[in-house]
Amino acid sequence: MNKQDLQNIISSSHEEGKKVAVSFCSHVPQEVLAAAGLTSLRVPYIRDVKDSASKILIRNLCPVVKNCCDICEDEALKDADLLIAETSCDGKKKMYELISNQDRVYFYQVAQGADRDYVKPLIYSESRHLAKQLEKRFGVEITDEAIRKAGELYNEERDSILSLMDIQTQIPPAAWGRDIFKAIQEHRMIADPAGRAAANLATREELLSKASPVPKRAKRILVTGCPMSGVYEKVLDAVEHNGGVVVCFENCEVMKSAVRHFNPETEDVYQALADCYQNTACAIMAPNDLRFELIAGLAETYQADGVLDVTLQTCHPYTVERDKMIRFCEDSLEIPYMSIETDAGDSDSGQLATRVAAFIEML
């Protein structure tokens, strides 16, 4: 999503009489925001926003935190009605406290212990609290039926992402990974989940209607790690210009959030939300067994020749988890593994290409 598109969506929503809520993380229950009648936008990264982070934050923070700060302070969001500040990593949750217009900031508390009995009750409580606060703030009523309907719509969007990624199970894969990731990113500019789902499925059919551009000899790479939105172009170019093809993205913009599903048959809709969002294989979880289970399943399904773990500079959860991931891939899965650490700039593009090319050559 770019700055102008974001402004256009906010403006169009206001013309339709709808408020706009912006969130920055896949832990936030989008179903509750949609059930309140809000336009709910999840914004993982935006280019060309003004630099506010350098004036507000310490220098040694990851690019995701800095960009999130820049987005919140930029003119692009000056008309947004609500900013959902999820307390995922420590850097982001403290950054949100420094945002200038605190009246628009709502803190959503994220559970960080997936194996604990309190996790589902916490998600349940936070979802209900979010609903109550939205009702109070915007004078709306959030019914169980509205949440159930929103859950079904977001399930359709998740299914559409899974269906789009499924074309990469073919031999050779049906498309370059960059084209798929770029399409999913562009579809975030669509304001409603049904529209995004339709766009994802249309892209799937378009790609399948053409002969695969991928050579049969291309090595099949599974990408995991940090959010990819700000770095995907240089990382995927390094892979796909050097004998590889990305067959799957485990990252939170794609599979990590798409594999979770809301069960509309659950009697208590907030319990359904808790069941759904507990299944988030995020590195803030300790232990993070879900991520390793997900990697194992995806590596088999997509017949990966290697795993590329992308971490952003000073992202402590994913960077520290690297040691466990390399042992898991090489010892348990017996699949070659490589990690790269990068940031949102392009100064390391040449170095990345050289290292990734050597990795692919080894496969």
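What you see below is based on every heavy atom in this structure, not just the backbone, and it leaves out hydrogens, waters and symmetry mates.
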So do Tyr277 and Glu31 actually touch side chain to side chain, heavy atoms under 4.5 Å? yes
Are Tyr337 and Ile221 connected in the hydrophobic side-chain network, where two residues link if heavy atoms are under 4.5 Å apart? yes
So do the side chains of Lys3 and Arg47 get within less than 4.5 Å of each other, counting heavy atoms only? no
Quick one: does His27's side chain get under 4.5 Å of Cys282's, heavy atoms only? yes
If you apply the rule side chain to side chain contact (heavy atoms under 4.5 Å, CB included), what do you find for Arg158 with Cys276, and how did you get there? CA-CA 12 Å; Arg158 295 173 183 123; Cys276 174; 4.0 Å; yes
Identify the heavy atoms of Ala191 and Leu41 that sit nearest to each other, and give their distance. CA-CD2, 4.4 Å
Path from Tyr45 to Phe24 over hydrophobic side-chain contacts below 4.5 Å: no
Backbone N or O of Ala197 within a donor-acceptor pair of the Glu157 side chain at under 3.5 Å? no
Paired with Phe249, the side-chain contact (heavy atoms from CB on, under 4.5 Å) test is passed by just one of Val310, Ile161, Leu236, Thr224, namely Leu236
Sequence neighbours excluded, every pair satisfying side chain to side chain donor-acceptor pair (under 3.5 Å) that has a member inside residues 342-362: Lys234-Thr342, Lys234-Asp348, Thr342-Asp348
N/O donor-acceptor pair under 3.5 Å between Asp74 side chain and Asp70 backbone: no
Mark yes or no for whether Gln278, through its side chain, and Val119, through its backbone, hold a donor-acceptor pair below 3.5 Å. no
Is any side-chain heavy atom of Glu86 closer than 4.5 Å to one of Gln109? no
Non-hydrogen side-chain atoms of Thr169 and Val247 separated by less than 4.5 Å: no
Verify, without hydrogens or angle tests, whether Asp159 (side chain) and Leu162 (backbone) share a donor-acceptor contact under 3.5 angstrom. no
Do any N or O atoms from the side chain of Lys210 and from the backbone of Ala175 form a donor-acceptor pair under 3.5 angstrom? no
Answer yes or no: is there a donor N or O on one side and an acceptor on the other, between the side chain of Glu250 and the main chain of Leu298, under 3.5 Å? no
Minimum side-chain heavy-atom gap Lys19-Thr39 below 4.5 Å: no
Only one of Leu208, Leu207, Val254, Leu201 passes side-chain contact (heavy atoms from CB on, under 4.5 Å) with Leu164, and that residue is Leu207
I'd like to know if the side chain of Thr266 reaches the main chain of Val269, judged simply by a donor and an acceptor atom lying under 3.5 Å from each other, with no hydrogens or angles considered. no
Would Tyr108 and Val64 show up in the same hydrophobic cluster when neighbours are defined by side-chain heavy atoms closer than 4.5 Å? no
With distance as the sole test, does Asn155 use its side chain to make a donor-acceptor pair with the main-chain N or O of His261 at under 3.5 Å? no
Backbone N/O of Ser125 and side chain of His129: donor-acceptor pair under 3.5 Å: no
